Amino acid sequence: MSQPPSSPPPGEDPAPPGGDRAARDPTNAEIAQALDELADLYELDGAVIHRVIAYRNAARAIREAPVSVAALARRGRATELAGVGRTIQEKVLALADEGAIPALVRLRGKFPAGLVEITRLPGLGPRRARRLFDELGIDSPEKLRRAAQEHRIRQLRGFGPRAEEAILAALAGRERERGERRVVLDRALAIAEPLLEALRAHPAAERVELAGSARRMTDSVRDLDVIATAAEPLALARAAAALDLVESASSPTASGVRLRTHSGMPVELRIVDPEQYGNLLQHLTGAKQHNLALRELAVRRGLHVSEYGVLDDASGQMHRCATEAELYALLGLDYIEPELRENRGELEAARAGTLPRLIELADLRGELHCHTTASDGTASIEEMALAARERGYEYLAITDHSATMGFGSRVSPAQLREQIARIRATEIEGIRLLAGSEVNILPDGSLDYEDALLGELDWVIASVHSSFRMPAEAMTRRIIRAIEHPLVDAIGHPSGRKIEQRPPYQFDLQRVLEAAAATGTMLEINSNPDRRDLDETSARAAAAAGIPLVINSDAHRPGAFAVARFGIATARRAWLTAEQVANTRSWEQVAALRPRNR
DNA sequence: GCCGTTTTCGGCCCGACTGTTTTCAGTCG
């Protein structure tokens, strides 16, 4: 998961120039990084594993928190985060006030940095790394390589020739993997969906479904999990291995096969008895943290959950579940949608019966962000309107770029007046066209058109398209100034992130949310699969602050309205209901929500 | 170190695999 927008990546200058905050608090990302490092070092130090896990859980909770955890800790309220207790709150305060956590300083002195790197190698964990350090003085990958080549490792009890081979292979693999990236979800689904279709078409196949992180609709994925039931399992596994899009495969068995597609995507196909389908589907859908918490919850009820079933201590009976709903019900939980399975409170809500009714694609009634040939789109107003109507939308805002956009994309004030006239003159039955603009937010926070011209538009979305690398304080003020402009209806792709490409701009999300909540300015969830911006944690915080969200495609061609599924996925991962998203309403209702009408 | 539908103390997921071992610890997903 990417860093929250309020947390600049380490290594970049985070100090606000002339900042009005005397001492800069550590960002959530910095705190989380320190706690993760502490967990690694405690693990090497031989601490009880549950203590290590506690630090990692706290690091995750802090990384995902929508507000400044340092500020929270100063008020003694960081312990309200699940997984943060008094001890870790004190460590957060030490980091904020003294600039360092004493235990971290001490452990850094005890274990060289290269040792942690060694624990990350596949096949080597903290216990084995520690023995290599204690008994052979190995504290870097380079020393490890030499020791393996000189056959010194096999002298250690518990290590043998195979261990040396594995270490050398792991060191080589580590260099290869540096270029290996996660695949953005739309590309992953473009591989998965034809694969699922091909498997479903096979005569031996009964049910075939996507599991794993792709089913949860995460921003990006590393691999694909597919689960199936089949009349003839071995036949289906063999057929899978023989598909055109498969480059290589393990030897197929009745329980499945591991594949690699020509695009390099690893795919695991698992074939299971129909009676256990729910168990395996749940198990493979994850996330890991969700499954872990689910099993802990089950143990408190005397139940043990595995991919094979639910074992009841009292009766000794193994319950098999054909569906996930049965499995959750057995544990006293409402069914949990895959997008929510991240251990972000969904288990507690499922137990209390308070899970939200998540927004669906069909709830969207209009689209409020698209481009035409007037700026950098590829289609006319009419072509975009027809495509939007085809999707069942009742209204469409045409929002081309503004005057300072790059060559070929800019729309001068005069051109915008012409464009408004064209939009007003275009009548297409069944869909209402709105004259809009995606106006640049200039570095000082002012907008790209005069207010008089903006006032002629039905819908104004303001976005940052330049000077991404401003210091956080300046960027925060820039965005807030745009939010406070009475003619700005929404902020487009508010964090500026590109998934697997670039981090968000540095800005203070909390202050931006406060400003939007105060003015009624809406925030966009941009559905472009490379953006999905706001991200799920920020969008959840925005909705909690009472800010209306808009889910937009930012389509530059008619076919691109289909990316709405990714914006919906992010909204669902943000726990959003249809009510919290403005464009699930009629245009009249959206118009009434605009800041200018408040 | 955290936490509470048996608990403020005593727990804290589950199973498969691997290499090295004659019964299992460590790692992984």
Side-chain angles (χ1 to χ4, degrees), chain A residues 35-36 38-39 41-62 78-92 101 103 118-132 153-167 169-170 173 211-213 221-225 250 253 255-256 258 266 268 270 272 276 279-280 282-311 313-314 318 327 331-333 343 347-348 350-353:
Chain A
L35 295 180
D36 271 329
L38 203 44
L41 293 172
Y42 272 135
E43 194 171 25
L44 273 172
D45 204 31
V48 182
I49 190 62
H50 301 108
R51 190 164 158 222
V52 174
I53 292 168
Y55 275 100
R56 297 208 170 113
N57 287 340
R60 179 188 183 229
I62 290 170
T79 53
E80 289 170 18
L81 295 169
V84 178
R86 283 189 50 198
T87 307
I88 287 179
Q89 173 163 272
E90 277 167 26
K91 289 190 160 63
V92 172
I101 301 171
I118 288 174
T119 67
R120 300 261 153 76
L121 291 171
L124 285 181
R127 315 301 288 260
R128 284 157 69 87
R130 180 69 193 275
R131 289 195 52 217
L132 292 168
I153 289 173
R154 65 180 63 178
Q155 299 159 6
L156 265 50
R157 186 177 166 75
F159 290 81
R162 304 295 299 273
E164 286 176 347
E165 286 170 32
I167 284 168
S213 54
V221 307
R222 200 178 294 284
D223 50 25
L224 296 170
D225 292 292
S250 65
T253 72
S255 62
R258 277 192 309 280
E268 174 135 24
R270 295 278 300 266
V272 65
Q276 290 174 299
N279 298 108
L280 186 62
Q282 195 284 325
H283 173 76
L284 288 180
T285 298
K288 186 173 140 191
Q289 295 294 334
H290 170 89
N291 285 355
L292 210 146
L294 181 80
R295 289 169 181 178
E296 283 177 0
L297 178 151
V299 166
R300 290 200 289 274
R301 293 163 177 255
L303 299 169
H304 301 273
V305 176
S306 78
E307 64 186 279
Y308 305 106
V310 179
L311 180 65
D313 275 344
M318 180 72 122
L327 171 53
L331 301 174
L333 302 173
N343 195 26
L347 292 165
E348 294 80 355
R351 193 167 66 195

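Please read all numbers here as calculations on a predicted model, not as lab measurements.
Rounded to whole Å, the C1' atom of dG1(B) lies 14 Å from the corresponding atom of dT8(B). Rounded to the nearest Å, the gap between the C1' atom of dC28(B) and that of dC13(B) is 14 Å. Separating the C1' atom of dC9(B) from that of dC14(B) is a span of 25 Å, rounded to the nearest Å. Taking atom P in both dC12(B) and dT18(B), the straight-line distance is 28 Å, to the nearest Å. Comparing dT20(B) with dA16(B), their P atoms are spaced 22 Å from each other, to the whole Å. For the C1' atom pair drawn from dG29(B) and dT23(B), the interatomic distance equals 25 Å after rounding to whole Å.
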Pair up each side-chain donor or acceptor in residues 283-290 of chain A with any protein partner under 3.5 Å, not counting sequence neighbours, and list the distances.
{"unit_1": "H283(A)", "atom_1": "ND1", "unit_2": "R295(A)", "atom_2": "NH2", "d": "2.9"}
{"unit_1": "T285(A)", "atom_1": "OG1", "unit_2": "R215(A)", "atom_2": "NH1", "d": "2.7"}
{"unit_1": "T285(A)", "atom_1": "OG1", "unit_2": "L281(A)", "atom_2": "O", "d": "2.6"}
{"unit_1": "H290(A)", "atom_1": "ND1", "unit_2": "E346(A)", "atom_2": "OE2", "d": "2.7"}
{"unit_1": "H290(A)", "atom_1": "NE2", "unit_2": "Y328(A)", "atom_2": "OH", "d": "2.9"}

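Taking a 6.0 Å sphere around CZ of R86(A), one finds it holds 12 or fewer heavy atoms contributed by other residues, nucleotides or ligands.
Under the Watson-Crick and G-U wobble criteria, each requiring two contacts below 3.5 Å, nucleotide dT8(B) is left unpaired.
OP1 or OP2 of dA16(B) lies within a sub-4.0 Å distance of a side-chain N or O belonging to Y308(A). In this structure, H304(A) reaches the dC14(B) phosphate: one of its side-chain N or O atoms is under 4.0 Å from OP1 or OP2. In terms of phosphate contacts, R351(A) brings a side-chain nitrogen or oxygen within less than 4.0 Å of OP1 or OP2 of dT5(B).
Mapping M318(A) and R162(A) onto DNA chain B by nearest heavy atom places M318(A) closer to the 5' end of the strand. Nearest-nucleotide mapping onto DNA chain B: of L124(A) and E164(A), the residue sitting toward the 5' end is E164(A).
Backbone-only contact: L121(A) has heavy atoms under 4.0 Å from sugar-phosphate atoms and none from a base. Using a 4.0 Å heavy-atom cutoff across all strands shown, L292(A) reaches at least one base atom of the nucleic acid.
With sequence neighbours excluded, the residues that form a salt bridge (charged side-chain N to carboxylate O under 4.0 Å, His left out) with R120(A) are D40(A).
A donor-acceptor distance shorter than 3.5 angstrom exists from the side chain of R131(A) to the backbone of R157(A), with no hydrogens or angles considered.
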